[in-house]
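Structure, as structure tokens:
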2 protein chains.
Amino acid sequence: MAKVLVIEDERDLQQVLTYNLRQAGHDAISAERGVEGLRLARSEAPDLVLLDLMLPDLAGTEVCRSLKEDVTTRAIPVVMLTARGEEIDRVVGFELGADDYIVKPFSVRELLLRIQAILRRASAPSDRPPAEASIEFGCLRIDRDAHRVWVDEHEIELTALEFRLLVTLYERRNRVQTRSALLDDVWGIQADITTRTVDTHVKRLREKLEGARDYVETVRGVGYRFKGSPDEASA
Amino acid sequence: MAKVLVIEDERDLQQVLTYNLRQAGHDAISAERGVEGLRLARSEAPDLVLLDLMLPDLAGTEVCRSLKEDVTTRAIPVVMLTARGEEIDRVVGFELGADDYIVKPFSVRELLLRIQAILRRASAPSDRPPAEASIEFGCLRIDRDAHRVWVDEHEIELTALEFRLLVTLYERRNRVQTRSALLDDVWGIQADITTRTVDTHVKRLREKLEGARDYVETVRGVGYRFKGSPDEASA
DNA sequence: TGTCTGTGTGACGAAACGGTGACGACGTCG
DNA sequence: CGACGTCGTCACCGTTTCGTCACACAGACA
């Protein structure tokens, strides 16, 4: 399906990862050190990189930065692995350009799902316009780059989390997102969060959305859905 | 019906299981230890493995892992049995590749129902196209992603349960679904539900379906059936 | 036609679900 | 250090949804 480069020094974990990736039909290659990983990333042109943050030589963050600085590897999605102890601020990971972020111990199943999602997002940029930087939707305007949102020409202040929640819902408009799907996509996979937390943040988001609050619909017993415009819905 | 391998060291429980499996028309073989179980799994090619998590020699988790690593046994569905005390995180079970998961004490009937469901799922994965996201059928339109349903261009509001019931019936259109089959597929695995409950929900569904209500037919003495279009029916 | 079994229907109590406000933990910044 | 902002969790409450029951009704069969 796709070629995945695993950069991970712990042998056991590396084995588990490559094994499961191959099980899932992927092509897996691996490196134990950062420099080797960078080399492979350039020569093998993987579709995705799984990167441990703790490596013997280079810090994972450095590897990530390098990957994102190099023109030949810049476009490759990076998924970071971090132990629970070393919890970086999630934002730092995304700042470095990581596309996703997983805290150990994680479930292999969930990891694979995430990889699928990222590959899908990366591989099919054609059927869905590759994330517009600026979104205009009814009375709502979102500037992704600037992380700013306006409702009826008047700016509202969202936290980073609320912003991600809004954008995620918007990107999947007209599709119900279950709470766990949202936890995956917005929070980043950590299952140690109550699903009710999603509700709370939806509430906070709605409050701030004021006149645009009705775009976020509740689907009882299932999850939440961003209401697309009528014509889009029927399309 | 199917060949089931029971790997369970407690004699009593093993007896009960094999007895009931045979009662239900299955072919049951059993092992008391993990290694023996693995051997039988390879030589007997069962259709399903019932695996206790607590075994005298190997841990059930190890057995499961081995089953899933071996090419010849990989495809066999595994159902895990665990005592309530040893509650594993459910995710761990699925990580190991278990297909289902039952906590003791369980009702034999429930176990059998689960086994049925898994066998049904495993036996016919290919004959049916992977579920269309949008369904158009006569005056009925179903959008699975959005969880919305229209009858004659006019949207109707279904509860989550009603939606699942409708989709399930539709997916198996032209085939009668017994009440217990529906309980399995729509309700999940709550065996503690009266079959009459199905009737009630069919009634509620029909009410909301208005002009499309006749798609849901009653087959007296058997169950319910979604009436496919005439040409499909004869196909 | 009468009986018997199986299904439709309406009502009711219990449980589940989601919205909401409050609280404490944590990190940041002045 | 204290004030502030953000986030995760919890408890409460109104509403919806669900499961069950009793009874009416319909089809099968003699």
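Keep in mind that what you see is a predicted model, and the values were worked out from it rather than measured. Order of the sequence lines sets the chain letters (A, B, ...), proteins ahead of strands, with each chain counted from 1.
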Taking B:Glu162 for the side chain and B:Thr159 for the main chain, is one N or O donor matched with an acceptor at less than 3.5 Å? yes
Please report the distance, rounded to the nearest Å, between NZ in A:Lys208 and C1' in C:dG19. 17 Å
Below 3.5 Å, does any donor atom in the side chain of B:Arg196 face an acceptor in the base of C:dG6, or the other way round? no
List, with names and distances, any nitrogen or oxygen atoms from the protein found under 3.5 Å away from nitrogen or oxygen atoms belonging to nucleotides 12-14 of chain C.
none

Which of parallel (below 30°), tilted (30 to 60°) and perpendicular (above 60°) describes B:Tyr170 and B:Phe226? perpendicular
Given atom CZ of B:Arg206 and atom P of C:dT9, what is their separation to the nearest angstrom? 7 Å
Any side-chain heavy atom of A:Tyr224 within less than 4.5 Å of one from A:Val198? yes
Check the distance between D:dC18's P and B:Glu207's CD and give it to me in whole angstrom. 13 Å
So what does B:Thr197 touch, heavy atoms closer than 4.0 Å: a base, only the sugar-phosphate, or nothing? base
Roughly how many Å is it from CZ in B:Arg179 to P in D:dT20, rounded to a whole number? 14 Å
From CD of B:Glu162 across to C1' of D:dG19 the rounded distance in Å is 13 Å
Please report the distance, rounded to the nearest Å, between CG in B:Leu183 and C1' in D:dT20. 14 Å
Does a side-chain heavy-atom distance below 4.5 Å link A:Asp52 with A:Met80? no
So does B:Arg172 pair up with B:Asp185, basic N to acidic O under 4.0 Å? yes
Only counting residues at least two apart or in another chain, list the ones meeting side-chain hydrogen bond (donor to acceptor under 3.5 Å, both in side chains) with A:Arg148. A:Glu155
Salt-bridge test for B:Arg206 and B:Glu217: reply yes if a basic N is under 4.0 Å from a carboxylate O, no otherwise. no
What's the CH2-C1' distance between B:Trp187 and D:dC18, to the nearest Å? 10 Å
Round to the nearest Å and state the distance from A:Lys203 atom NZ to D:dA11 atom C1'. 14 Å
Please list each protein N or O that sits under 3.5 Å from an N or O in nucleotides 28-30 of chain D, with the distance.
none

